[in-house]
Structure formats: C-alpha cells, structure tokens
J.: 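Sharing a structure here in structure tokens format.
Start at 1 and go down the list; that is how both ligands and their atoms are numbered.
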Amino acid sequence: MSRPHSPSNTLASARAPELQIGTSDQPGPDLRRAGLILFLLAMAALPLLPVPEFWITQAVYIGLYALVALGLVLITGIVGLTSFGQAAFVGVGAYTTAWLTVSHGLSPWLTLPLALSATAVIAAMLGWLTLRMSGHYLPLATMAWALSLYYLLGNLDTFGKYDGIVDVPALTLPGGLTLDSGRSFYALVWPLLIVASLAVRRLLDSRAGRALRSVKGGTTLAEAMGVDTFRAKVHAFVLAALLAALSGWLFAHFQRTVNPSPFALNKGIEYLFMAVLGGAGHVWGAVAGAALVKLLEDQLRELLPSLLGSSGNFEIIGFGIILILTLQYMRDGVWEFVDRKLPRLPRRVDWRDAAPLPRRAQPPRGQTVLAAKGLRKVFGGLVAVKDVELHVDAGEIVGLIGPNGAGKSTTFNLLTGVLPASAGEVSFVGAPVEGLNSRQIALRGMARTFQHVKMMPTMSVLENVALGAHARGHAGMWRAMMRIDRAEERQLMKTAQDQLERIGMGGLMHVPAGSLALGQQRLMEIARALAADPVLLLLDEPAAGLRHREKAQLADVLRQLRDEGLSILLVEHDMDMVMNLCDRIVVMEFGTRLMDGTPAQVQADPAVRAAYLGTVHEEPA
Ligand code: ADP
Ligand code: MG
C-alpha cells in the first residue's frame, strides 16, 4: 500500500477512486492478528514444554514488569505524563497483602481489593494535587512519593524495616490448588497480563481513549472538544497505579517475601525505561520493553563484571547507554519499529446502519445566538481587542474581517473561552458565559476551528472528527475496556463519517490526519466542529490553503449549513468568498470594530478601503 497522500490537494482528488482505501468491509489477510495469535499460542505452550525452571521464572518476572510498564504506556506514551513513582505503587500492592496476610491472617483474595482501593486513593490524591499544574509537577511529585514510601517502609517496625516481611503465604485457588511453583504462577500472571493489555487496547480505541490521546495534543484542543482533561489525566493515572499495584500483589505472593528495595525510586526509573525502550506509544511496547530489560539485565549482570574485571552493578551504566542510543535512533521504542513494518489495515466499517445521535434543538431563526459587548483583551502593553461589540443571529453567516493583527483570532479566543477577557460581556444562547471555561462553552454548542490547525496527527481523520462528537457520547473507560460501548461507538463513527462526507473527505477517513495537506486539515477541522452538532460555528480562516474550486465547494457547504439553521462566524481573508457568502460583515482594525454592515455597505465604506489598501487614516479614538 502506497502512502495515502495525494500530491494535489483538491477536494476532487480527495474523492478519487484510488484514495477510496479502507472503506471495504473485508478485513483482508490480517498479519497483525495472526502474529498476536501465534504469540499467545507460544506463551501458552511455554510452561508445558520441558524448558528449565529458570526460563519460567524469567517469564513470570517479565509478566509482572510488563503489567507496570503497561500503565506507563498509558500515562506516558498516550497521555504524556511522566511518572517515576510506579514502583512505589507496586510497593503499596505488595506490602498491603504481605502485611495483612502475615500479621492479620487475611486471605490474599481479600487483600487484593484492599490493595487496589488503597492504591486508587493514593493515586487519586497525588493526581488531584499535581495534575492541575503544568508539566513537571507530576514527575517531581512521583519522585517525592517514591522516596518517601521507600524510607517509610524501611523505618516502620510493623513492616520489618529494611528486612521486610517474610513468609508471605502462597496463593491458593478455590479448588485447593496452591500456586507455589513457577509454572503455576506463570499460568496466573500471563493470562492477567494479556487480559490487561487487551483491555488497554480496547480503551485506546474508544471515546474515552480518544479523549486520553487528545490530551497529549495540548489542553486547548481537548477542552475545545468537550474533554475534561484534568479528569482524563487523573483517571489514566489511577488506572496505571492500579496495574502497578496488581503487579505488586502478585509479586508478594510469588516471591513470598517483600522488602523495600524493589519499590525504590531507581526501580521506578527502570519501569519508565522499559516503557520507553519497548515503545511507550503501543500496548505491546510494554511487553517488549519488560522482556528486553529483564533479559538485558541478566546478560549485563554477568557480562560486564567479567569484562571489566571487577564486580558491581554495572548494568545500570549499560542501561544508561542503551537508553541514550534508543532515544537517538529509535525515539518511539522497539515496538514502533516493528509496528511500522506490519501492514496497516483500515478499521472495519461496521456503523453504516447505526442510529443517528440525538441532535440539539436549534434556536429559532433570527434569535440572537451570540452577543458580545465591550469585549477587551490586553496583552501586557498591547490592547489586542478594544471594546468590541458583535452579535450573530440564528441562521446567519457573519464575516469578521480585518488586516493581519487586527485582533480577529484573539476575539475568537475570547468568545470561545480559550482566553479570559480583560473586560466585557459575552452571552451565548441567552445566557452569559462569564466564568465558563472553553469546555463548558463548547458543551453549550459553540464549535470552532483554529487558525493554526490543531489535531492529533497520528490518529486517523475519522478518529479526529469523532473526537469532535465527544460530548455527544457517554461511555467511559470501564465501558470501553469491557467492550460494552460499541453501540454508542458506532453512532459516533457514523456521525464522524457523515460530517466528513459532507465536506467531501469521505475517501480519506482512514488516513492519519498528519498526512493530509494543509487545506484538507482545515476541512477536517470543520467536519470535527460539525460533529459536535453546534449552534454556532466559528471558523478561523477556513479557506487558507484551499484552491479556487475547493473554496467554492466550501462556500456551498457553509450556505447549506446556514439554510439548515446553523449560525456561522467566519474569519476569512478571501474577499470574494466573504462578500458572496456573508449576510453581514464586521470589520476590525487595530483591535477596534471599524464597522458592521452588509457586504455592499462594507465595500462602499472609505474607512474599510483605507484599512485594506494601507492608506493612512486616523485610528478611531
Ligand atoms: P488577527 O487574527 O486579526 O490577525 P490576532 O488576534 O492574532 O490578529 O492578534 C492581534 C494582536 O494581538 C497582534 O498584534 C498579536 O501580535 C497580538 N497577540 C495575539 N495573541 C497574543 C498573545 N498570546 N500574547 C501577546 N500578544 C498577542
Ligand atoms: Mg488570526
């Protein structure tokens, strides 16, 4: 399959037959699925083969590590949060069960929910305290958390100080079977890991997963799509911590003893290393990374001291070198390298007859949808928007024009809540939006595109557009992992496809958004905004990068939308398009509103002509 990227970027070419990839219903020869099945068969056969016990033990450790790395893939690779504290969550899982079973005689099956609950509470608290703040607070907080837990465990008599707790009981299954051998434990750990990996994969391919993935694109985009980014981050962080705690619970009953060192900060760094080396963007990267690190560790531990002629923990140095080489030559990890070689098949279209999503009631034609008064924005010494007044009525296309730097995009950001206004009032569908953030405003029915396209380049065009319909769905992370979200998911996909077809991009829906030409990316943003079923659509230079014919087609679509009752506020530099399309035009210059009138009035106005021709004229006071 050649790269699905058209050299000419016309709407017509977007519909060309050779680009109709992926709309077929046949899954085709799925090498990926075959590979997964082969891998599962091999892993299932391993304990039945006469392999040495040592191999089985290694495989159990790889499984335990991979569970932790899986959580890191989710938070680091997918959501973009860095945690050095995963080993400490493993510790919470391990110590909870060790302490409760040894000192209090509780059954391990009872300690599992207790360990998971304790972890969820700690992770939610850590996340809640730090995730509102930007970037580096979470990594620092997780480091502090890892350090304090290590010293706490090492100094508490109850937990046996640095010697830890010994004689942790083995797990016993209800039938009386005791999991005290490597092989029996393997039969518990690996199925759990496979189930967890598949659950995370399912999560990524869902409404909640798209929301999580969108957070990495920055909060402006995600919030404008109606995603509560803070909540999404906390949820992902808690889920990752739960995977770590599960690993810890298993670890305690496998080793039958716990002490603080496997849960220290350096182990937390090692887990992060596994995720990065394996490929933090992929679920299977966690398994690959855990296997590579575990096997490398053993090799280096034997090889390096004999090479260097002295004993010591030299493998740490080896890891450091490998990490630097990985970041230099395989940024996205080993699995990304493998993944790129595997055929990429379009997703199966199974939503053709899905029921349409319920639609919002549109306000009656002519009613004021948006009204701004005295809108002002000051950036330091620059007044970018100066007491602007503006209104849009239902079923009206209003143009917002003015030379570069006039304050049009800033006005958009004020209206949509992306930026707080320095002064002024905005009311939308009859209620003030004062104090609302961009997500809350989006939920009320304001959808927008961005002058500088914001999208998730590795997600398909379809997924990007489906993100726009986020607020019209409800299924969360658990429903996605249990795969009981499919009916709603089909509705979201159908909405996304319908909107893409409406703007003539149906043939490109399975292509990664990053491979689109700029003009097509802008059109995709319009489809995404429409997927939200908005009352008001704000378009910031939608025709930039489009050819003449594409512009005419875009204008047709916008006219049709207006006829359906949608209200549109349009920033555009193409004067032909603006004059032919808009019912009313607001002209801005130097942050102020120069005039508000019909296209004919605007064209006849000497001040507007002066502003556009660059003639010197008095700036209105
Ligand atoms: P337009 O979209 O009409 O071209 P903008 O709204 O992007 O204009 O910009 C208006 C003015 O505000 C410009 O002078 C620009 O440099 C300034 N400006 C915009 N955003 C910021 C910001 N975040 N910080 C400082 N100045 C800004
Ligand atoms: Mg602009």
J.: Once you restrict to heavy atoms under 4.0 Å, what part of Val385 touches ligand 1? Side chain, backbone, both or neither.
T.: neither

J.: Using distance alone, determine whether Ala406 and ligand 1 share an N or O pair under 3.5 Å.
T.: yes

J.: Below 30° counts as parallel, above 60° as perpendicular, anything between as tilted: where do the rings of Phe237 and Phe89 land?
T.: perpendicular

J.: So that I can tick it off, tell me whether Asp332 and Arg340 are bridged by a salt bridge, with the cut-off set at under 4.0 angstrom between side-chain N and carboxylate O.
T.: no

J.: In this structure, are over 12 heavy atoms from other groups packed under 6.0 Å from Arg365 atom CZ?
T.: yes

J.: Would you call Glu564 and Arg502 a salt bridge, using N to O less than 4.0 angstrom?
T.: yes

J.: Output yes when a protein non-hydrogen atom is found under 4.0 Å of atom 9 (O) of ligand 1, and no otherwise.
T.: yes

J.: Between Lys551 and Asp574, does at least one N-O distance fall below 4.0 Å, as a salt bridge requires?
T.: yes

J.: Taking 4.0 angstrom as the limit and counting only heavy atoms of Ser409, give me the atoms of ligand 1 inside it, by number and element.
T.: 1 (P), 2 (O), 6 (O), 7 (O)

J.: Considering non-hydrogen atoms only, spot the tightest contact between Arg213 and Met456 and give its length.
T.: O-CE, 3.1 Å

J.: What do you reckon, does Gly407 put a non-hydrogen atom under 4.0 Å from ligand 1?
T.: yes

J.: Would one find an N, O or S atom of Asn404, in either backbone or side chain, under 2.8 Å from the Mg ion (ligand 2)?
T.: no

J.: At a 4.0 Å threshold, what atoms of ligand 1 neighbour a non-hydrogen atom of Thr410?
T.: 5 (P), 6 (O), 9 (O), 10 (C), 19 (C)

J.: Atom 4 (O) of ligand 1: which protein heavy atom is closest, and how many Å away?
T.: Gly405 N, 2.8 Å

J.: Does a salt bridge link Asp583 with Arg562, judged by any charged N lying under 4.0 Å from a carboxylate O?
T.: yes

J.: Among all the protein's non-hydrogen atoms, which is closest to atom 17 (C) of ligand 1, and how far away is it?
T.: Leu382 CD2, 3.4 Å

J.: What protein heavy atom sits nearest atom 12 (O) of ligand 1, and how far off is it?
T.: Ala384 CB, 3.3 Å

J.: Can you tell me how far NE2 of His391 sits from CZ of Arg584, rounded to the nearest 0.5 angstrom?
T.: 3.5 Å

J.: Give me the nearest non-hydrogen protein atom to atom 19 (C) of ligand 1 as residue plus atom name, then the distance to 0.1 Å.
T.: Phe379 CE1, 3.6 Å

J.: So, 2.8 Å as the limit: is an N/O/S atom of Ser409 located closer than that to the Mg ion (ligand 2)?
T.: yes

